[in-house]
Each structure stands twice: as structure tokens, then as C-alpha cells.
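Presented below is the structure to which this report refers.
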Amino acid sequence: MRGVVMHAPGDVEVVERPDPRLIAPTDAIIRVSATCICGSDLWPWRGADEVADPTPMGHEYVGVVEETGDDVATIKVGDFVVGSFFASDNTCEICQAGYQSRCAHAQLIGKEGTQAELARIPMADGTLVATPGRPGTELIPSLLAASDVLGTGWFGAVAAEAGPGKTVAVVGDGAVGLLAVLAARQRGAERVIAMSRHKGRQKLALDFGATDIVTERGDAGVAQVKDLTAGYGAHSVIEAVGTQESMMQAIRSTRPGGHVGYVGVSHGVELPGEELFFSGVHLHGGPAPVRRFLPELIRLICDGAIDPGKVFDLTLPLDQAAEGYRAMDQRRAIKVLLRP
Ligand SMILES: [Zn+2]
């Protein structure tokens, strides 16, 4: 099969890779209908993470089940499925509590590399959710978004306790931040402040339900959020970047007693204890347990209640993956969908 590998920072290529095979009896093999490039794929692309040559890339996917192991009971050949970037058994105590991304048996799907024609999905019954029937092609981008960026933005909103009567601020205007805006509104937030300095991204944030835009960042951004909230700060702040600056911007934009939901993959963040102590904010986050939310997100998408697929502003054939990485790195594209 063809699949994307990264050789070194800035160097991805579509190569022939061996077809995945069932390894455990709980595995499934899916034919990937659509996959995409994640903001987190840009960390190794930019040299912030180490790269072993060649590294299979990709952890977001929707597709059709081609083969199942003998112990797979609920997922069937021919099902159209959506799964998370962590495989999970969905039965251990951690999964049952709703934290499937930290499942006692969690496996990273990224090791399989779903920017490819086929993918092996471990613990298929626990990891995958089948859609009701075969979705129309117009729904595929939205279902693909549910696999990571929507599920992650959704968790950010849940962790920040975005809900009715709340003012929510979102730090980060990448795909996750934009979909966190959608999630916060869908969960009933009264006001959603999107922090972005890019016109195209501001427009999408407004489409997704943002009520206010703040263009400043750092302490100036914090001051604007305070101005918009009678000096208190937001009730809920979703951090969707993962840097020191964005994390501090999130904490400082939150009112005492408020909640920060942090879902940007943390890179070099160090929290000052004394400031944290006196901030009085709740911090909750981490790798999103997307699997918890998939049934609800699939239902909302299939019912037409939400259209998160709008976050994909560039679609390329898999063979042009390198151009997709460049477009996202240079911020010419918010999120790139790849068609195998
Ligand atoms: Zn588990």
C-alpha cells in the first residue's frame, strides 16, 4: 500500500509500505476513506520532536472495515467506522470513567500511520464506532474531524466546563481551537471569545459561533479578555496550542474559580507554582478521550446539527501529502484532508 513516512524534519514522502496484517485477534484492518494532517504532525516536521527514519505518519482516520480478528465481536466487515488516535479497550476502569486516551492498554494509532491506504486498528471493538449505515460523501470531512480535532476541541470545552451562562475564551486558532469554539457554543456557552489575529480563521471562528474576537495575544490578549468580562476574566478558557505563552495566556484569562481546559500538546511548559496557587483556577486537560464523545459527535454530524468538516480548507490526494505539510506549516491551510 501507499503511505506517508517522515524521513527527517521537513521531509515527508509517500512510499510503498507493507500492507498491515491482523496481529492480535482483537485487531481490525480498515481501508482509509479519508485522513488528514494534524497540528501535532508539525512538531516533528519543525524539528521539535525527534524523527526516526522512516516514521509512518498520521493518526486521524475514517474508513471501511476490511478484515477483523477472531475476537472482534461488535465491529463488522463493511462497517464505516470512526476511531480515536488512541486505541483503547473501552472496558478498563480508566475507560469506564471516560478517559479512554489513558486506557490501561492504550496504544498510539500514530505508530500505525493512518496517512495510508490501509490501517491496522488495535482493540477494534473498544476503539472504533460504526456510523449508522454508509455516510454520504458530504459527511466524510466532518466524521474525519471527529476522529481528533473535533473530539479534542470538544474535550477542551468539557474540561473547561463550557456551558450555559458561561463566557468562554479560546486560546489558539488552529483547527482544534476553532472546533473548540463550535463545541463551546454547542454546549450552550453564552459568549465565546476567539483569540486570533488571522482574518480567515476569525471568519471561521464566527461561523462556528464565536461572539467576540480578540486579536492581541500574551498579556495584551489577557487584558482584552478582562475588558470583555467586567474585569473578571472568562469562566472557561480552552488552551489549544501547548506553548508556555499560550498556557499562561489561558491561566491569566480565567477568573478565580474558573476552569482551564488544556488540549494543546504541551511542549516545554513550566507552570509557576506561586502564580498558579493564587490564580484559584481549575486545570484539567491532556490527550482528549475522543472515544468518550464519538457516539454523540457522530449523531450530531449525521443529524446535520454541526458541520465541523468546514475546518478542512485544503483537500489533496495522498500522493501530495508533502505539499499538505508545507501548506499547514506555512499557515496557508488550517487543516489538510488527504484522500488515499
Ligand atoms: Zn481501557
Side-chain angles (χ1 to χ4, degrees), residues 39-40 42-43 46-50 94 97-99 101-102 106 152-174 176-181 183-184 187 189-198 205 210-289 292:
S40 66
L42 297 180
W43 289 107
R46 290 169 175 162
D49 291 340
E50 281 195 25
I94 308 298
Y99 288 86
S101 52
R102 302 291 298 125
T152 296
W154 199 271
F155 176 56
V158 169
E161 304 219 339
K166 300 276 186 79
T167 294
V168 179
V170 179
V171 179
D173 62 0
V176 170
L178 292 166
L179 289 170
V181 169
R187 298 184 61 78
E190 188 172 305
R191 261 179 113 180
V192 180
I193 302 166
M195 306 184 85
S196 172
R197 51 174 60 177
H198 302 271
T211 55
D212 302 84
I213 300 285
V214 162
T215 56
E216 303 295 326
R217 60 206 288 180
D219 289 342
V222 171
Q224 283 209 10
V225 171
K226 294 222 165 138
D227 279 351
L228 290 168
T229 53
Y232 290 121
H235 299 93
S236 303
V237 179
I238 300 161
E239 189 285 325
V241 183
T243 61
Q244 183 71 25
E245 182 188 30
S246 63
M247 192 68 176
M248 294 317 299
Q249 189 175 323
I251 291 169
R252 290 170 183 162
S253 297
T254 308
R255 66 178 59 191
H259 294 76
V260 178
Y262 58 97
V263 291
V265 181
S266 184
H267 278 71
V269 175
E270 291 185 21
L271 300 181
E274 191 176 339
E275 181 177 350
L276 188 60
F277 181 82
F278 284 104
S279 73
V281 303
H282 301 72
L283 292 182
H284 184 35
R292 187 204 314 178

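When a residue number appears, it is its place in the shown sequence, counting from 1.
The side chain to side chain donor-acceptor pair (under 3.5 Å) check on S196 picks up D173, with sequence neighbours excluded.
The two atoms that bring V170 and G177 nearest to each other are CG1-O, 3.4 Å, heavy atoms only. When all heavy atoms of S236 and A160 are compared, the closest pair comes out as OG-O, 2.6 Å. A pairwise comparison of heavy atoms in G172 and V241 identifies CA-CG2, 3.5 Å as the closest pair. Closest of all the heavy-atom pairs between V181 and A210 is CG1-N, 3.5 Å. Taking each heavy atom of A234 and V225 in turn, the nearest pair found is N-CG1, 4.0 Å.
In this structure, the separation between CD on Q249 and CD on Q244 is 12.0 Å, given to the nearest 0.5 Å. Atom CZ of residue F155 and atom CD1 of residue I238 lie 11.0 Å apart, to the nearest 0.5 angstrom. Considering CG of D219 and CD of E245, their distance stands at 8.5 Å, rounded to 0.5 Å.
S101 places a side-chain N or O within donor-acceptor distance of the main-chain N or O of P287, the cut-off being under 3.5 Å. One N or O on the side chain of K166 and one on the backbone of E161 form a donor-acceptor pair closer than 3.5 Å. A side-chain donor-acceptor contact under 3.5 Å links R292 to the backbone of G98.
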Using distance only, find each side-chain donor-acceptor pair of residues 265-272 under 3.5 Å and give its atom names and separation, not counting sequence neighbours.
unit_1: H267; atom_1: ND1; unit_2: V265; atom_2: O; d: 3.0
unit_1: H267; atom_1: NE2; unit_2: D49; atom_2: OD1; d: 3.2

Donor-acceptor pairs under 3.5 angstrom involving side-chain atoms of residues 275-284: please list them, not counting sequence neighbours.
unit_1: E275; atom_1: OE1; unit_2: R252; atom_2: NH2; d: 2.9
unit_1: E275; atom_1: OE2; unit_2: R252; atom_2: NE; d: 2.7
unit_1: S279; atom_1: OG; unit_2: L276; atom_2: O; d: 2.7
unit_1: S279; atom_1: OG; unit_2: V281; atom_2: N; d: 3.4
unit_1: H282; atom_1: ND1; unit_2: G257; atom_2: O; d: 3.3
unit_1: H282; atom_1: ND1; unit_2: G258; atom_2: O; d: 3.0
unit_1: H282; atom_1: ND1; unit_2: H259; atom_2: NE2; d: 3.4
unit_1: H284; atom_1: NE2; unit_2: Y99; atom_2: OH; d: 2.9

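The side-chain heavy atoms of V168 and I193, taken from C-beta on, include no pair separated by under 4.5 Å. For the pair L228/R191, a side-chain contact is recorded, criterion being any heavy-atom separation below 4.5 Å from C-beta on. A heavy-atom distance below 4.5 Å is not found between the side chains of Y232 and K226. Side-chain contact between V171 and V237 is present, with at least one heavy-atom pair separated by less than 4.5 Å. Side-chain contact between D212 and V192: absent, with no pair of heavy atoms (C-beta onward) separated by less than 4.5 Å. Put simply, the side chain of I251 does not reach to within 4.5 Å of the side chain of E239, judged on heavy atoms.
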Output, in order, the C-alpha distance, side-chain angles, deciding distance and verdict of side-chain contact (heavy atoms from CB on, under 4.5 Å) for R197 and R217.
CA-CA 9 Å; R197 51 174 60 177; R217 60 206 288 180; 2.8 Å; yes

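Within a 6.0 Å radius of CZ in R102, no more than 12 heavy atoms belonging to other residues, nucleotides or ligands are found.
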